[in-house]
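Worksheet: the structure to be examined is printed underneath.
The sequence lines fix the lettering, A, B, ..., with proteins before strands; numbering per chain opens at 1.
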Protein chains: 2
Amino acid sequence: MNISVPTKDRILDAAEKLFSDNGFDATSLRDITTSAQVNLAAVNYHFQSKDSLIDSVIARRIEPINRKRLEMLEAAGENPGVEQILTAFLTPLLDLELECMLPLMGRILSTPGQFVERVYRRHLSVVAQRFRGALGRALPELPEDEVWWRLHFSIGAVTHVLSWGQIIPAMTDGMCDLRDRRALIDRAVRFLAAGFRAAAAPSKSN
Amino acid sequence: MNISVPTKDRILDAAEKLFSDNGFDATSLRDITTSAQVNLAAVNYHFQSKDSLIDSVIARRIEPINRKRLEMLEAAGENPGVEQILTAFLTPLLDLELECMLPLMGRILSTPGQFVERVYRRHLSVVAQRFRGALGRALPELPEDEVWWRLHFSIGAVTHVLSWGQIIPAMTDGMCDLRDRRALIDRAVRFLAAGFRAAAAPSKSN
DNA sequence: GTCTATAACGGGATAGAC
DNA sequence: GTCTATCCCGTTATAGAC
């Protein structure tokens, strides 16, 4: 119908929105094709299956994020501080223009079993290794495993806020407002950087 | 068949395991009744629907956790410190004997739309308010909304680790071991307490 | 490339005998 | 309380006309 946007992109747009709002399992191909105003069979023509459709949805957003992350880390110089590293890691994620992608991102990263392993291997492992290395160099006294743990804590803290985006304002009586991204990044970086600087527990071998 | 465990409990046990392993949508009532070795119709007899079944699954585990949380907070005295409050909040959750409940807990708490609102209202809101209050009193200089944010960051950090429990060891080359719960609680409390003590950003009105 | 129509299946729920 | 049998619906995927 609307030739201005190709069928393939219309499907991706609609799938992104519906997966975000209702989840992957709860969204049928019919929901997607109705919303996108394309034919049901078009999904299986352009993508092979529903399963590989979400891969494309994810890849379309996650690749620019990772590019920006590495750019920002690069731009922070030879020996960036913890705050700089965390800012480079979080800003491209939280800065996404698309409202609806934020909860989806959070959900993908916190739903085990289905896509996490695949998404992690394809899109996250390189970046995670890179940032873990940078954090380890910024905090040389921290044991290697502790850096991993704290990176996981950080990812969880942020993705949780993204996942719960819709209901956090309600449960905090409107006190917490997710819309101000700069403030959110600032909040998260302060909190997490302090956590990274905490003394590690004495190791077992002592 | 096996009269030692009542039908109702056999259903709850099987549902808990399957929901944990495969997710709510991906688990059919037939999967549950086959695994529990009970009749298909038994689910709709004992519980009204699949939807209300998960409510019972959750309630059975979350109530003891919350009881212990409040007991530990109570036991920490009149003016507990940040570490004591966080320990009281996290220990009963991370201390669950049942391996399989930990990822399920993490998943429920990070899957929006379906049950979070209901679960939050019924099982979490009172406890969250109580701990937020305690943290606010322990850190009187912290703005009220900042306490909420940091509590959310904390919940996210821990639930994320629980959700990813199965794959974290693989992605960190075996460096991170979730099995030692005491060490995990200690790690999390150190990290999060330092985050809570970080200086808040200057407020907008300044 | 795009559509209609349908195949093939599995899901939740329930009626009614026991 | 427990079972069997079945209803009825929505799902993904595909065959085949245009």
How far apart are the C-alpha atoms of A/E74 and A/R130, what are their side-chain angles, what is the distance that settles it, and do they pass the salt bridge (Lys or Arg N to Asp or Glu O under 4.0 Å) test? CA-CA 11 Å; A/E74 203 79 24; A/R130 185 87 176 69; 3.8 Å; yes

Pairs under 3.5 angstrom, nitrogen or oxygen only, protein versus nucleotides 4-10 of chain C, please.
{"unit_1": "C/dT4", "atom_1": "OP2", "unit_2": "A/N39", "atom_2": "ND2", "d": "3.0"}

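With sequence neighbours excluded, no residue forms a salt bridge (Lys or Arg N to Asp or Glu O under 4.0 Å) with B/R69. By the ring pair (Phe, Tyr, Trp, His ring centres under 6.0 Å) test, A/F19 is found to be paired with A/F24, residues two or more places apart in sequence or in another chain being considered.
Among the protein residues, A/T33 comes within range of no part of the nucleic acid, since none of its heavy atoms lies under 4.0 Å from any strand.
A salt bridge is defined here as a Lys NZ or Arg NE, NH1 or NH2 lying under 4.0 Å from an Asp or Glu carboxylate O, and A/R190 with A/D186 meets this definition.
Residues in residues 60-87 of chain B take part in no ring pair (Phe, Tyr, Trp, His ring centres under 6.0 Å) pair, two or more places apart or across chains.
Distance A/Q37 CD to C/dT2 C1': 15 Å, rounded to the nearest Å. One interatomic measurement links the two molecules: CD1 of B/I11 to C1' of C/dA13, which rounds to 14 Å at whole-angstrom precision.
A close approach under 4.0 Å does occur between a side-chain nitrogen or oxygen of A/T7 and OP1 or OP2 of C/dT2.
Within the 4.5 Å cutoff, side-chain heavy atoms of A/I54 are placed close to those of A/R118. Between B/H160 and A/H160 there is no side-chain heavy-atom pair separated by less than 4.5 Å.
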What pairs of donor and acceptor atoms, side-chain ones from residues 122-129 of chain B against any protein atom, are under 3.5 angstrom apart with sequence neighbours left out?
{"unit_1": "B/R122", "atom_1": "NH1", "unit_2": "B/D55", "atom_2": "OD2", "d": "2.2"}
{"unit_1": "B/S125", "atom_1": "OG", "unit_2": "B/R121", "atom_2": "O", "d": "3.2"}

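For the segment residues 44-56 of chain A, residues with any heavy atom less than 4.0 angstrom from an atom of DNA chain C are, sorted by number, A/Y45, A/H46.
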